Amino acid sequence: MLGTGERTLMFLPLAHVLARAVQQVCVHAGSTIAHTSSASTLVADMAAVKPGFLLAVPRIFEKIRTTASNTAQAAGRGAVFAQAESVAIEYSRAADARARGIHTRRSPVLLAKHALFNKVLYPKLRAVLGGRARYAICGASALNTDLAHFFRGAGVGLLEGYGLTETTAPATVNMARDVRVGSVGIPVPGTVIRIAEDGEIRIKGIGVFAGYHRNARATAEAFDEDGFFKTGDTGILDDCGFLGITGRKKDILVTAGGKNVAPGPLEEIIRASRLVNQVIVVGENRPFVAALVTLDTDELGPWCRANSLGGLSLGQAAVHPRVLAEIQAAVDAANETVSQAEGIRKFTVLDSELTEESGHLTPSLKLKRASVITDYSAVIDSLYER
């Protein structure tokens, strides 16, 4: 992907360790780097720069996918887009199964449909990314597997990776020729991954920092007896050494009944809903699990028109029965993956957005969970009132 004459477009701020690391690699490789200051102009900037590869967060690709779906529906081609999406996912899933050593055969019908869509529809999706990008490095938050399969089936591989500031960005990454969708890849050269008895991911390698500045106590607590950095994240390693992220230790909720609940997987499923922008699962020391949900303002208008609801303000939509039913369906889908005690019993839709400006998102669009829980404590309390 890298080399003299290659181009990329970066929207992550250079204060972000991944952006800084990728920029240095690009400079070393002789690649051209363009910068954009806002996610709102990203599509226009991609059309101008025509990058060969991208570095972005999952939310960017969620937006591109939903915008494409809305455009198709507005043109009366929603059913065609849905079929093209299904074919791309099936096509990619078959490739992923073969990569895992599972014998599978793509039917002639699937191949024919994929070839057709690869001529008439998938190029339009790739054009949104500038027309040249075939791969994108994706990190900072969980990537929905169907989203990854959709883009790969449409000709753009999303290479998910994992790392922290303390590991100087990537510690693991999927390689273009060796991908396991749903994993964050294999350790980069010079890095060793270990899974502790409690499931915590621990890392040792050339990219791991030496310690926190003038804080010997924090440094000592950050490493185990063998010198592995304790990430605070939990995960699993498969037989081929691919790492999967299962959650974050400090984010595990313990309900009043003593039930341990990982919010991440539930949130990921709900966030896949077209109407949902952000979701925060709560329930620490509470009698049951609940959730705060924010609506995607870009999707609300098209969804309302498609459902003959006219125009709804954010406040009106937050309490509208049809909107609440749509969110409930997403919550039900999430609840099917866990036991009844771990499921979300109640939720509320906020009548405001969670943004970087409001102090609830990082520049890489990562949710500041603690800030949200603090600022919306009264709303959370109301969920548990009888």
Side-chain angles (χ1 to χ4, degrees), residues 1-2 8 10-31 33 35 53 55-58 137-143 159-175 178 183-238 240-252 262 264 356 361-371:
M1 288 188 292
L2 291 174
T8 189
M10 194 173 298
F11 95 96
L12 289 176
L14 292 183
H16 194 288
V17 66
L18 179 58
R20 182 69 64 85
V22 170
Q23 176 170 267
Q24 290 179 347
V25 172
C26 288
V27 170
H28 178 75
S31 300
I33 309 166
H35 295 270
F53 75 97
L55 170 67
V57 296
I137 301 170
C138 205
S141 61
L143 176 66
L159 307 178
E160 195 171 7
Y162 167 76
L164 304 92
T165 300
E166 290 90 342
T167 64
T168 322
T172 68
V173 68
N174 276 285
M175 309 301 290
D178 196 6
S183 83
V184 292
I186 58 176
V188 299
T191 301
V192 179
I193 303 292
R194 168 191 289 180
I195 306 298
E197 290 185 3
D198 62 356
E200 183 180 32
I201 301 166
R202 298 187 178 179
I203 304 175
K204 178 187 284 189
I206 58 174
V208 178
F209 77 140
Y212 294 108
H213 183 59
R214 295 182 179 178
N215 195 335
R217 180 177 179 181
T219 299
E221 292 175 350
F223 292 87
D224 66 16
E225 61 277 8
D226 295 323
F228 280 76
F229 171 63
K230 298 186 286 187
T231 66
D233 295 311
T234 58
I236 55 174
L237 286 168
D238 69 13
C240 295
F242 282 78
L243 178 66
I245 307 297
T246 57
R248 182 145 183 86
K249 287 178 65 176
K250 71 177 183 180
D251 288 341
I252 297 296
E356 184 180 353
L361 293 182
T362 69
S364 61
L365 306 183
K366 190 182 297 182
L367 192 69
K368 296 181 179 179
R369 185 181 299 272
S371 295

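Heavy atoms only: backbone and side chains are in, while hydrogens, waters and symmetry mates are out. On a predicted model such as this, the values are computed, not experimentally measured, just so you know. We count residues from 1, following the sequence as given.
- Residue pairs meeting the salt bridge (Lys or Arg N to Asp or Glu O under 4.0 Å) criterion with at least one member in residues 210-220, sequence neighbours excluded, are Arg217-Glu221.
- Remark: side-chain polar atoms of Thr172 are paired, donor with acceptor, to backbone N or O of Val184 under 3.5 angstrom.
- Remark: Thr246 pairs with Thr234 by the side-chain hydrogen bond (donor to acceptor under 3.5 Å, both in side chains) rule, at least two apart or across chains.
- Taking the side chain as every heavy atom from C-beta outward, Leu237 and Ile201 never approach each other to under 4.5 Å.
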query: Yes or no on side-chain contact (heavy atoms from CB on, under 4.5 Å) for Tyr162 and Ile203, after CA distance, side-chain angles and deciding distance?
result: CA-CA 11 Å; Tyr162 167 76; Ile203 304 175; 4.0 Å; yes
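- The pair Asp224-Arg194 meets the salt-bridge criterion, since a charged nitrogen lies less than 4.0 angstrom from a carboxylate oxygen.
- In this structure a side-chain-to-backbone donor-acceptor pair under 3.5 Å is missing from Thr8 to Ile33.
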Phe11 vs Val57, side-chain contact (heavy atoms from CB on, under 4.5 Å): CA-CA, chis, key distance, verdict: CA-CA 10 Å; Phe11 95 96; Val57 296; 3.8 Å; yes
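- Annotation: ring pair (Phe, Tyr, Trp, His ring centres under 6.0 Å) contacts of Phe223 (sequence neighbours excluded): Phe209, Phe229.
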Which donor-acceptor pairs under 3.5 Å do side chains of residues 17-30 form with protein atoms, sequence neighbours excluded?
from	atom 1	to	atom 2	distance (Å)
Arg20	NE	Leu14	O	3.3
Arg20	NH2	Leu14	O	3.3
Gln23	OE1	His35	NE2	3.3

query: Checking side-chain contact (heavy atoms from CB on, under 4.5 Å) for the pair Leu164/Asp233: CA distance, chi angles, key distance, verdict?
result: CA-CA 10 Å; Leu164 304 92; Asp233 295 311; 4.2 Å; yes
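- Listed by chain and residue number, Arg180 satisfy the salt bridge (charged side-chain N to carboxylate O under 4.0 Å, His left out) test with Asp178 (two or more places apart in sequence, or in another chain).
- Between Leu243 and Ile186 the shortest side-chain heavy-atom distance does not fall below 4.5 Å.
- Taking the side chain as every heavy atom from C-beta outward, Asn174 and Ser183 approach each other to under 4.5 Å.
- Shown here are the salt bridge (charged side-chain N to carboxylate O under 4.0 Å, His left out) partners of Lys249, two or more places apart in sequence or in another chain: Asp198, Glu200.
- In terms of heavy-atom proximity, Tyr212 sits nearest to Glu166 at OH-OE2, 2.8 Å.
- Here the CZ-CD1 distance, from Phe242 to Ile193, works out to 13.0 Å after rounding to the nearest 0.5 Å.
- With rounding to the nearest 0.5 angstrom, the CD1 atom of Ile195 is 10.0 Å from the CZ atom of Arg202.
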